[in-house]
Amino acid sequence: MASEIVHLLNSAETSPAQTGFQSPSREFKALRPADIAILVRNGSEAVAIRKALNKRRVRSVYLSDKDSVFDSVEAKSLLYLLRACAEPERESILRSALATDVLALSINSLDRLVQDELAWEAEVERFRNFQLIWQHQGVLPMLRLLLQEFAVPFRLLTLTGGERALTNLL
């Protein structure tokens, strides 16, 4: 099945007029990855299919009404980030936020913040700015800026399972 999906997507790229859908108005639209959905009976089938697709470098998103986004790593990370934006002067809270999987700062970057007082103060100031934006413009503009400054969407989309992680976060 994964090989057939790859075949169809490649065919849509090389011969877009032959692999796709014709609308009632007779307009032909080439097949896109977003047009494909795979229904599975259970989580183990989903894992097997995702592995087969990943092996062929086809990104996929797993959607299930049984999993709660609030139980995800991204939701927990978001809670730490929101706390840090609400109270940037509280060192332990800000350190926890900076160490989240979502920001994915390297060990060297985190160590530098411990060793270099100016670097630490710059992060505190950055989170004070996030706090001001939150207070004056709302939480969404603040989060958008935070995610952009830390290049979170770009980085997540380069990872296997990154689309799901970004979806959870958003």
Side-chain angles (χ1 to χ4, degrees), residues 1-85 95-111 113 123 126-127 130 138-170:
M1 183 263 320
S3 295
E4 182 62 20
I5 288 172
V6 170
H7 170 72
L8 289 169
L9 291 173
N10 287 339
S11 177
E13 269 189 40
T14 58
S15 305
Q18 294 183 8
T19 308
F21 305 96
Q22 190 165 348
S23 69
S25 65
R26 295 287 195 220
E27 179 185 358
F28 190 84
K29 292 188 179 184
L31 179 72
R32 298 174 306 132
D35 296 326
I36 300 171
I38 303 166
L39 302 178
V40 296
R41 287 188 201 108
N42 54 45
S44 60
E45 276 188 10
V47 168
I49 289 171
R50 291 197 74 199
K51 280 183 183 177
L53 290 169
N54 283 338
K55 202 166 138 182
R56 290 160 180 83
R57 304 179 81 74
V58 176
R59 292 188 291 174
S60 62
V61 175
Y62 174 63
L63 301 175
S64 170
D65 58 0
K66 293 181 182 177
D67 297 331
S68 172
V69 71
F70 297 108
D71 293 332
S72 69
V73 170
E74 297 80 22
K76 290 175 180 75
S77 293
L78 183 59
L79 178 60
Y80 286 117
L81 291 169
L82 289 172
R83 285 179 178 161
C85 291
R95 287 194 191 283
S96 295
L98 291 168
T100 60
D101 289 342
V102 165
L103 297 188
L105 297 179
S106 70
I107 294 293
N108 291 338
S109 296
L110 294 172
D111 185 53
L113 293 173
E123 284 305 321
R126 182 186 341 206
F127 276 77
F130 293 146
V139 71
L140 291 179
M142 179 274 297
L143 281 173
R144 214 173 285 124
L145 179 63
L146 185 151
L147 296 176
Q148 178 186 346
E149 283 194 15
F150 284 94
V152 173
F154 174 79
R155 187 184 51 75
L156 287 178
L157 291 175
T158 64
L159 302 174
T160 300
E163 285 184 22
R164 174 79 273 165
L166 184 57
T167 299
N168 288 346
L169 187 59
L170 295 175

First locate atom [atom1] of [X], then atom [atom2] of [Y], and finally report the distance between them rounded to the nearest 0.5 Å.
X	Y	atom1	atom2	result
L79	E74	CG	CD	13.5 Å
L147	E149	CG	CD	10.5 Å
T160	K51	OG1	NZ	12.5 Å
L143	L82	CG	CG	5.5 Å
L8	I36	CG	CD1	6.5 Å
L156	N168	CG	CG	10.0 Å

Indicate whether any N or O donor in one side chain lies under 3.5 Å from an N or O acceptor in the other, for N108 and S106.
-> no
Side-chain H-bond candidate by donor/acceptor type, N54 with R50, under 3.5 Å = no
Kindly confirm or rule out a cation-pi arrangement of R155 over F150, judged by NZ or CZ under 6.0 Å from the six-membered ring centre and within 45° of its axis?
-> no
Taking all non-hydrogen atoms of both residues, which atom of T100 and which atom of S77 are closest, and how far apart?
->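 Smallest heavy-atom distance, with atoms named: CB-OG, 3.6 Å.
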Any chance CZ of F70 has more than 12 other-residue heavy atoms, nucleotides or ligands included, within less than 6.0 Å?
-> no
side-chain contact (heavy atoms from CB on, under 4.5 Å) evaluation trace for I38 with E45 = CA-CA 10 Å; I38 303 166; E45 276 188 10; over 6 Å; no
For S3, side-chain contact (heavy atoms from CB on, under 4.5 Å) partners two or more places apart = R56
Side chain proximity check, V6 to V58, heavy atoms < 4.5 angstrom = yes
